[in-house]
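Hydrogens, waters and symmetry mates are skipped; everything else that's a heavy atom, side chains included, is used.
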Amino acid sequence: MPERDFFLQNVQNIARSLLGMQFVRIDGNGQRLSGRIVETEAYAGKHDPASHSHRGKTPRNAVMFKPGGHLYVYFTYGMHYCCNVVTGPEGEGEAVLIRALEPLEGLDIMIRQRYKKVAITPQQFKNLTNGPAKLCAAMGIDKNMNGMDLLTGECRIEAGIVIPDKDVIAASRIGIRQGADLLWRYYIRGNEWVSKRGEE
DNA sequence: CGTGAGATTTCCT
DNA sequence: GGAAATCTCACGT
């Protein structure tokens, strides 16, 4: 499991390094829910027009200004939660959005939390964690987990497999207008769980 | 399989 | 007032 220093690096380095690592949550019953991180996006501080922190601190984005290694969970489109790993020193307002996971442990619990039932179709299984709001639903992440420290909490990052540079694709971030020219979205080439794949 | 409407909070203009 | 770091469902192909 990474130390604090890992989360104080440059936000783009961390977004790329998180590919292949595991995002783990220990739920209220002590069950491990986990997935391999296969897609991320870097959001920088005040100079990144697409970042929530671009216009300064508000009640919603306050956690982004904590030191790296905290969890920033936001509510969006009136419906969904998305989760980020805060990066950089305190006050920078940088974070990495976790956009997609390849599910590894606790699949039955994830399926129940996302679909409220046990039996699902193959199409529903494909949609379990291939998007930022989908993986939050499956992992049971909501506003109660906003601000949690990943180094001590029930939610953490663990070492996984190493992804070589030739298998990392950098692309434009999804769902934004400002800053669309920056290639700050990273994903694993050919991975079936990536939300939107381009040329591979 | 593709397309389009709807759900409905937070923050900015 | 309206867009936003999204997803689901209905309906047509």
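The CG-C1' distance, from Asn61(A) to dT10(B), rounds to 10 Å in whole Å. Taking atom CE of Met64(A) as the reference point, atom P of dA5(C) lies 11 Å away to the nearest angstrom. Rounded to whole Å, the distance from NZ on Lys57(A) to C1' on dT10(B) is 17 Å. Across the protein-nucleic acid pair, Arg177(A) atom CZ and dA4(C) atom C1' stand 10 Å apart, rounded to whole Å. Here dT13(B) presents its C1' atom at 14 Å from CD of Gln178(A), a figure rounded to the nearest Å. When the P atom of dC7(C) is taken as reference, atom CZ of Phe75(A) falls 13 Å away, rounded to whole Å. In this entry the distance linking NE2 of His54(A) with P of dT13(B) reads 10 Å, nearest Å. Straight-line distance from the CD atom of Gln123(A) to the P atom of dC7(C): 18 Å, rounded to whole Å.
Proximity note for Ala133(A) (side chain, C-beta onward) versus dT6(C), dT9(B), dC11(B): the nearest is dT6(C). Of the candidates dT8(B), dC11(B), dA5(C), dC11(B) carries the atom nearest the Arg60(A) side chain, counting heavy atoms from C-beta on.
Taking atom C1' on both dG2(C) and dG6(B), the two are 16 Å apart, rounded to the nearest angstrom. Taking the P atom of each, dT13(B) and dA5(C) are spaced 14 Å apart, rounded to whole Å. Going from the P atom of dA3(C) to that of dA5(B) covers 14 Å, rounded to whole Å.
Side chain of Asp48(A) to main chain of Ala50(A): a donor-acceptor pair is present (N/O by atom type, distance under 3.5 Å, no hydrogens or angles). A side-chain donor-acceptor contact under 3.5 Å links His70(A) to the backbone of Pro67(A).
Counting non-hydrogen atoms under 4.0 angstrom, Ile174(A) reaches the backbone sugars and phosphates but no base. As judged by a 4.0 angstrom heavy-atom cut-off over every strand, Arg173(A) is placed among residues making no nucleic acid contact. Counting non-hydrogen atoms under 4.0 angstrom, Tyr77(A) reaches a base of the nucleic acid.
We find that Lys126(A) and Glu192(A) are not joined by a salt bridge, their nearest charged nitrogen and carboxylate oxygen being 4.0 Å or further apart. Look at Asp149(A) and Lys66(A) and you find no salt bridge, because none of the NZ, NE, NH1 or NH2 atoms lies under 4.0 Å from a carboxylate O.
Thr76(A) has no side-chain polar atom (N or O) that falls below the 4.0 Å cut-off from OP1 or OP2 of dT6(C). Phosphate contact (OP1/OP2 of dT13(B), side-chain N/O of Arg55(A), threshold under 4.0 Å): present. Between Arg99(A) and the phosphate of dT6(C), there is a side-chain N or O to OP1/OP2 separation shorter than 4.0 Å.
For Tyr74(A) and His52(A), the ring centers are positioned less than 6.0 Å apart.
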Sort me out a list of protein N/O and nucleotides 8-12 of chain C N/O pairs below 3.5 Å, or just none if empty.
unit_1: dT8(C); atom_1: OP1; unit_2: Arg114(A); atom_2: NH1; d: 2.8
unit_1: dT8(C); atom_1: OP1; unit_2: Arg114(A); atom_2: NH2; d: 2.4

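Rounding to the nearest 0.5 Å gives a distance of 11.0 Å between CD1 of Ile176(A) and CZ of Arg185(A).
In terms of heavy atoms, Ser51(A) sits closest to Ala44(A) at OG-O, 2.7 Å.
When both distances must be under 3.5 Å, the Watson-Crick or G-U wobble mate of dC7(C) is dG6(B).
In this structure, Arg173(A) forms a cation-pi arrangement with Tyr43(A), its terminal cationic atom sitting closer than 6.0 Å to the ring centre and no more than 45° off the ring axis.
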